[in-house]
Structure formats: structure tokens, C-alpha cells
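Beneath this line is the structure, given in C-alpha cells, with notes to follow.
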Amino acid sequence: HYEVPACDMYAYWQKYGLTLRGQPIRVLQLGYTYPKNRQLDEDVFTRCYTRILLIDNINDRVIQRLPAYLNKQVKMGFVIEIGQVDDGVTMIEFTSVGEAAKAMRAMQTEEMFQGAVFDFDEDYCQEGSYAY
């Protein structure tokens, strides 16, 4: 409920690790989404955006250029992972919905992403969902 104890707990888990039922748990400090604005409300509740951006219909050359394209967000710690989902679609996991939406909107204006199909995957960190 409070920022300072949450940050202290995060620092402790990063240093000593966290396990659940004997399995190591990845501990993330997600980006801030508050104060929420109307755009974020619409993105989450109307457009169903999540932190996990999916990009289909792009070639391998564009996929290889993603880390460089997202360089600023990577350096700022907003990108958790770039990979693929089970069906081979490119996936970028961000620390916040706001960062995912910002990246998608920027990509939609770039020529190298012309013809790309953007979508959002279900967020395993979302309330009521579980990752095993």
C-alpha cells in the first residue's frame, strides 16, 4: 500500500532472492501508472491494452532491430523481455501499460513497421490471472 515499504521489500528480494514452493520467483519493480489519466483509462478499460505488446507480420530484420529501436526504454528499465509467444508472434514485455502503449504508438508511425499487426497479450501479473 505504501511506496517506501514496497521498495524496501523489492530491494531485499533482489538481493536475497524469493522462492515459492521451492521455485525461484522473478521479482520485478514495475513502472508507475499513477496518477492515471484519461488516455490510460481508455487504453486499459476500453482498448484492453496490457504490458505485453504483440507484433505480428514483421520480418526477422525488424525483429533483430527491436532492441536498438527500443534503446531508450531498455536503458531506462522499461523493457523486461523481448521474445516470442508460443505461436511465434513477437512479444515485448514492458513494466507498464503506459510504456507499452507509447512504444506501439511510436512504432505505428515508423516505416519499418508498415504492415505490422499490433495486439496485446493477457498479462500474467493482472489481478485474477496466474502464471505457473
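Starting from 1, each residue takes its place in the sequence as its number. All values below were derived from every heavy atom in this structure, side-chain atoms included, with hydrogens, water molecules and symmetry-related copies excluded.
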Output yes when a side-chain donor or acceptor of N57 lies under 3.5 Å from a complementary backbone atom of V117, and no otherwise. no
Show, in sequence, the C-alpha distance, side-chain angles and deciding distance for M107 and M112, and conclude whether the side-chain contact (heavy atoms from CB on, under 4.5 Å) test is met. CA-CA 8 Å; M107 289 177 196; M112 74 181 207; over 6 Å; no
Step by step, would you call E93 with V79 a side-chain contact (heavy atoms from CB on, under 4.5 Å)? CA-CA 6 Å; E93 182 179 354; V79 176; over 6 Å; no
Is any side-chain heavy atom of T90 less than 4.5 Å from a side-chain heavy atom of D56? no
Answer yes or no: does atom CZ of R47 have more than 12 heavy-atom neighbours from other residues, nucleotides or ligands under 6.0 Å? yes
Side-chain contact test, heavy atoms from C-beta onward, threshold under 4.5 Å: evaluate it for M91 versus I82 and give yes or no. no
In this structure, OG1 of T95 is separated from CE of M76 (nearest 0.5 Å) by 9.5 Å
Could you tell me the separation between the CD1 atom of I63 and the CD1 atom of I58, rounded to the nearest 0.5 Å? 4.5 Å
Do L70 and I92 have side chains that approach each other closer than 4.5 Å (heavy atoms only, starting at C-beta)? yes
Would you say the side-chain atoms of T50 pair up with the backbone N or O of D121, donor to acceptor, closer than 3.5 Å? yes
Approximate separation, where rounding is to 0.5 Å, of I80 CD1 and Q73 CD: 12.0 Å
Minimal heavy-atom distance between P24 and T19, with the atoms involved, is CA-CG2, 4.0 Å
In short, I55 meets A116 closest at the heavy-atom pair CG2-CB, 4.0 Å
Test side-chain hydrogen bond (donor to acceptor under 3.5 Å, both in side chains) applied to D43 and Q39, step by step: CA-CA 6 Å; D43 287 347; Q39 178 70 55; 2.9 Å; yes
Residues R51 and V97: closest non-hydrogen pair is CG-N, 3.7 Å
Without swapping roles, check the side chain of S96 against the backbone of E99 for a donor-acceptor pair under 3.5 Å. yes
side-chain contact (heavy atoms from CB on, under 4.5 Å) assessment of L40 paired with V44: CA-CA 6 Å; L40 185 58; V44 171; 4.0 Å; yes
If you look at every heavy atom in L53 and D119, which pair is closest and at what distance? CD1-O, 3.5 Å
Could you label the plane-to-plane angle of the F120 and Y49 rings as parallel, tilted or perpendicular, counting under 30° as parallel and over 60° as perpendicular? parallel
One pair to check against side-chain contact (heavy atoms from CB on, under 4.5 Å): L54 and V85. What are the steps and the verdict? CA-CA 8 Å; L54 301 175; V85 292; 3.7 Å; yes
Please report the closest heavy-atom contact between P67 and Q64, naming both atoms and the distance. CD-O, 3.5 Å
Crowded around Q108 CD? As in, over 12 foreign heavy atoms under 6.0 Å? yes
Is atom CZ of R65 surrounded by more than 12 heavy atoms (other residues, nucleotides or ligands) closer than 6.0 Å? no
Less than 6.0 Å separating the ring centroids of F78 and F94? no
